[in-house]
There are 2 protein chains.
Amino acid sequence: MSSSSQLLETAVDQLATLPGIGRRTAMRMALDLLRREPHEVTRFSEAVRRLRDEVRYCTVCCNISDQPVCGICANPARDRSTVCVVEDIRDVIAIENTRQFKGLYHVLGGVISPMDGLGPDDLNTRQLFERVGRGDIVEVVLALGATLEGDTTGFYLHRKLKEQGVEVSQIARGISIGGELEQVDEVTLGRSIADRKPYEQGVRR
Amino acid sequence: MSSSSQLLETAVDQLATLPGIGRRTAMRMALDLLRREPHEVTRFSEAVRRLRDEVRYCTVCCNISDQPVCGICANPARDRSTVCVVEDIRDVIAIENTRQFKGLYHVLGGVISPMDGLGPDDLNTRQLFERVGRGDIVEVVLALGATLEGDTTGFYLHRKLKEQGVEVSQIARGISIGGELEQVDEVTLGRSIADRKPYEQGVRR
């Protein structure tokens, strides 16, 4: 596929770097953008550029945040003794939507995945251990996907957190095995948080 | 779905304006962009902005072009007596890939669609009639999708072009009825160009 415009080729190449987008879909997107008013496309490209350039993360929980401390961590009504550990910000949004959890979060920014070369030190694990080390946290709830990587990460965190003397629980495996957290419906996900049980029982299958 | 970052919300809103992209996919795209280096994301957003800001169209055929006259129109080896009329630049690319057509193109920039409020004057029809009026063109090949809108557009162009005394043909309906041009395989599309017949026979079904 080659067009008579380098501008178009470059834009299609870039759009095709988005996850799940092939060159044919990227071309359809480029043509759609071409039909818009220039100021609309500028707004689009600025939103993308600013997202990456100006992004900030909460200094407490590593959630994405426009402030130094995110709205959840700054909320005095939240239970500061319970911290829910999740893979990424989509999981925070999904759990918030269930309205079943009143504690704080900790966003790992990924899961341990030797295949992708991701170890514990590539995630926000140090910040988690430091938070727990400060002594206010009674329970850490592991809310990771029921995948090999999620289980590996949970096993690692459980071992380290137990050494720190904190309770470690895991959300109930009402969620289907092999599924990603973000794809679970709100009722099931809310139920699985209410049904959480001590980590030792969860891994003894 | 609401996150703790207005930057993220805005970027997701903008990505969700792309055709076929819902908010869940837009969120996945945003997280993917967040994982990249800032300079990579700048390159992405610049490619999109420049596409719309700096785009130029060939003054002869209305194809997208970085030069005043596109590479096809400027090529002395092309047959200047035959002009193939297409809906958009994807169709030019598709036909070029068949290597079955040696003439020039005319890009309408759409098809007549009363449902979308698109009439002949919203397309590059005036430029086509002016080109034909200059007298060098012997045959106009209509290569529009086999849809209601494509047929309507073809019928309109045939009527006007016949008044100008030019031959009007239509690519063979080897392409499946109801299909869009860009989705046809190259062999079928090339064959349908070789099999084109006078417009009158094409519409008599």
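Computed over heavy atoms, backbone and side chain alike; hydrogens, waters and symmetry mates excluded. So that the names make sense, note that chain A is the first sequence line, chain B the second, and so on, each numbered from 1.
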Task: Proximal component of A:R43, with respect to chain B [non-hydrogen, under 4.5 Å] - done: both

Task: Largest heavy-atom contact set with chain B, pairs under 4.5 Å, which of A:L34, A:V48, A:D53 - done: A:L34

Task: Verdict with reasoning, A:E167 to A:K162, per salt bridge (charged side-chain N to carboxylate O under 4.0 Å, His left out) - done: CA-CA 7 Å; A:E167 269 182 63; A:K162 271 295 167 190; over 6 Å; no

- [ ] Examine whether an atom of A:D88 lies under 4.5 Å from a heavy atom of chain B, and if so say whether it belongs to the side chain, the backbone or both; otherwise answer neither.
- [x] side chain

Open item on the list: Please classify the contact of B:I21 with chain A as side chain, backbone, both or neither, using a heavy-atom distance under 4.5 Å.
Closed with: side chain

Task: Between A:R52 and B:S45, a side-chain donor and acceptor under 3.5 Å - done: no

Task: Heavy-atom closest pair, residues A:F101 and A:V83 - done: CZ-C, 4.3 Å

Open item on the list: Please classify the contact between B:V92 and chain A as side chain, backbone, both or neither, with a heavy-atom cut-off of under 4.5 Å.
Closed with: neither

- [ ] Would you mind telling me which of B:R36, B:E37, B:R49 has the largest number of heavy-atom pairs within less than 4.5 Å of chain A?
- [x] B:R36

Open item on the list: Could you check whether any side-chain heavy atom of A:Y57 comes within less than 4.5 Å of a side-chain heavy atom of A:N63, counting everything from C-beta outward?
Closed with: no

- [ ] Please test B:S169 against B:E139 for side-chain hydrogen bond (donor to acceptor under 3.5 Å, both in side chains), starting from the C-alpha separation and ending with a verdict.
- [x] CA-CA 7 Å; B:S169 61; B:E139 179 186 359; 2.7 Å; yes

Task: A:K102 with A:E96: basic N within carboxylate O range, under 4.0 Å - done: no

Open item on the list: Can you tell me which of B:R35, B:E40, B:E54 forms the most heavy-atom pairs within a distance under 4.5 Å of chain A?
Closed with: B:E54

Open item on the list: Between A:I72 and chain B, with a heavy-atom cut-off of 4.5 Å, which part of the residue counts as in contact: side chain, backbone, both or neither?
Closed with: neither

- [ ] Examine whether an atom of A:T25 lies under 4.5 Å from a heavy atom of chain B, and if so say whether it belongs to the side chain, the backbone or both; otherwise answer neither.
- [x] neither

Open item on the list: Around atom CZ of B:R50, are there more than 12 heavy atoms from other residues, nucleotides or ligands closer than 6.0 Å?
Closed with: no

Task: Heavy-atom closest pair, residues B:Q164 and B:G133 - done: NE2-N, 3.8 Å

Task: Top contributor to chain B contacts, counting heavy-atom pairs under 4.5 Å, from A:L15, A:V55, A:T17 - done: A:T17

Task: Region of A:A94 in contact with chain B, defined by heavy-atom distances below 4.5 Å - done: neither

- [ ] Between chain A and each of B:D13, B:T10, B:L33, count heavy-atom pairs under 4.5 Å; write down the option with the most.
- [x] B:L33

Open item on the list: As an exercise: rank B:A11, B:P38, B:A47 by heavy-atom pairs under 4.5 Å with chain A and give me the winner.
Closed with: B:P38

Task: Part of A:Q67 within contact of chain B (heavy atom distance under 4.5 Å) - done: neither

- [ ] Taking all non-hydrogen atoms of both residues into account, name the closest pair between A:S65 and A:C58 and its distance.
- [x] CB-N, 3.9 Å

